[in-house]
Amino acid sequence: MSFLTTLECSAQCGAGPYNPHERQSLCACGAPLLAQYDLNALANTWSRETLLDRPDTLWRYREVLPIASGTSPVTLGEGFTPLIRTHRLEEKLGIRTLYVKDESLNPTQSFKARGLSVAVTRARDLGASTISVPSAGNAANALAAYAAQAGLSAEVFMPRDVKKPFIQECELYGAHITLVDGLITDAGRVAAERGRTAGWYDVSTLREPYRIEGKKTMAYELVEQLNWKLPDWIVYPTGGGTGIIGMWKAFDELERLGWIKSNQRRPRLVSVQAAGCAPIVRAFESGENR
């Protein structure tokens, strides 16, 4: 059964809660919405031991994912990627224990598969027929793949100078591609304008609540793979930020489920961005709230 209960404003502005059984985008205040579950009920009925016989995909955590009761997920086998200990890097950097979680082994070769598997599953359950996304590459490929798996139409908006293999992969999955002059922000603007008129389901970064839910499974997997111990640090390459927000959310859920102890210090999350595009790093360093 589904334990999804409400959608709540991430900024806690006082609006809502919002009905998760209807299409939702942002809160009235403009902040992203976060999915909430009946964790009290789950804490009494769902134990870590139930995972032992489940498939090695992110859907092993189905109880804390937004899937309708009695339905199957839109899946290509995403998640439960390997955690690889890097002994030579440990020695070089002087770190006692260092692991790399290899997200390139997801379908479509990136962690974007996590978010799009869950977002497309939710879009299908909410009755969407066409899903749209602006992207510079990996998210577009993932959306095209999962929309094809679900039998839904995909509308992809990319900057005109995006590398051709990204375009070709979307074409192979049957997506309709629109190339836009300018940057990813321009692609997002055009996608939103066309989508509002056509009634498309928009899975742009942080503009719907469910890509975060797929990304948060990285934290569930890390803790399970480390035998329910928490890492001290998580260093995370950050684009729009859904992954790092999702993991922050997951550690709170894990504690409320009783799967990690409340007196355990949660991991320190480090956001890493490319020097040429680092709005989160700049905001953090200058003390901004958003």
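None of the values given here were measured: they were computed from a predicted structure.
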Atom pairs and distances, donor-acceptor, side-chain atoms in residues 22-42, under 3.5 Å, two or more places apart:
from, atom 1, to, atom 2, distance (Å)
Arg23, NH1, Gly199, O, 3.2
Gln24, NE2, Asn19, O, 3.1
Ser25, OG, Arg207, O, 2.8
Tyr37, OH, Val64, O, 3.2
Tyr37, OH, Glu213, OE1, 2.6
Asp38, OD1, Ala41, N, 3.1

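- Pairs engaging residues 243-275 under the ring-ring contact (aromatic ring centres under 6.0 Å, His included) rule: Trp46-Trp259, Trp228-Trp259 [sequence neighbours left out].
- Glu221 pairs by the salt bridge (Lys or Arg N to Asp or Glu O under 4.0 Å) definition with Lys101, Arg114, not counting sequence neighbours.
- Looking at Leu65 and Leu58, their side chains come closer than 4.5 Å, going by heavy atoms from C-beta outward.
- Across all their heavy atoms, Pro231 and Leu226 have their closest contact at CD-CD1, 3.9 Å.
- Looking at Arg124 and Thr71, their side chains come closer than 4.5 Å, going by heavy atoms from C-beta outward.
- Phe80 and Leu105 fall into different hydrophobic clusters, defined by Ile, Leu, Val, Met, Phe, Trp and Tyr side-chain heavy atoms under 4.5 Å apart, directly or through other members.
- Every pair passing salt bridge (charged side-chain N to carboxylate O under 4.0 Å, His left out) that includes a residue from residues 54-76 is listed here, sequence neighbours excluded: Arg54-Glu63, Asp56-Arg60, Arg60-Glu224.
- Other residues, nucleotides and ligands contribute over 12 non-hydrogen atoms within 6.0 Å of the CD atom of Glu171.
- In this structure, Trp200 and Phe157 have tilted ring planes: the angle between them lies in the 30° to 60° band.
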Could you list the donor-acceptor pairs under 3.5 angstrom formed by side chains in residues 83-96, with sequence neighbours left out?
from, atom 1, to, atom 2, distance (Å)
Arg85, NE, Glu90, OE2, 2.7
Arg85, NH2, Glu90, OE1, 3.4
Arg85, NH2, Arg96, O, 3.3
Thr86, OG1, Leu98, O, 3.1
Glu90, OE2, Leu98, N, 2.8

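- No side-chain heavy atom of Tyr210 sits under 4.5 Å from any side-chain heavy atom of Asp125.
- Residues that satisfy the side chain to side chain donor-acceptor pair (under 3.5 Å) test with Ser135, not counting sequence neighbours, are absent from this structure.
- Under the rule for a side chain to side chain contact (heavy atoms under 4.5 Å, CB included), the partners of Arg265 that lie at least two apart in sequence or sit in another chain are Asp232, Arg268.
- Residues passing the side chain to side chain contact (heavy atoms under 4.5 Å, CB included) test with Ala175, sequence neighbours excluded: Ala144, Ala154, Val156, Cys170.
- Here salt bridge (charged side-chain N to carboxylate O under 4.0 Å, His left out) pairs that include residues 139-167, with residues two or more places apart or in two chains, are Arg160-Asp181.
- A salt bridge is absent between Lys249 and Asp252; no separation between the charged side-chain nitrogens and carboxylate oxygens falls under 4.0 Å.
- Between the Glu208 side chain and the Arg211 main chain, a donor and an acceptor come within less than 3.5 Å of each other.
- In this structure, the side chain to side chain donor-acceptor pair (under 3.5 Å) partners of Ser271, at least two apart in sequence or on a different chain, are Thr238.
- A donor-acceptor pair under 3.5 Å is formed between the side chain of Thr57 and the backbone N or O of Trp59.
- For Gln109, the CD atom counts as loosely surrounded, since its 6.0 Å shell holds 12 or fewer non-hydrogen atoms of other residues, nucleotides or ligands.
- A search for side chain to side chain contact (heavy atoms under 4.5 Å, CB included) contacts involving Ser69 returns Met1, Ser2, not counting sequence neighbours.
- Remark: the backbone N or O of Ala113 is not paired with any side-chain donor or acceptor of Ser117 at under 3.5 angstrom.
- Nearest heavy atoms, Leu76 versus Ala145: CD1-CB, 4.0 Å.
- When side chains are defined from C-beta on, Tyr99 does not count as touching Gln225, because their heavy atoms never get closer than 4.5 Å.
- The side chain to side chain donor-acceptor pair (under 3.5 Å) test applied to Tyr146 returns Glu78, not counting sequence neighbours.
- Enclosure of atom CG in Asn289 is not indicated, since only 12 or fewer non-hydrogen atoms of other residues, nucleotides or ligands lie within 6.0 angstrom.
- Between the side chain of Gln273 and the backbone N or O of Val281, at least one donor-acceptor pair lies under 3.5 Å.
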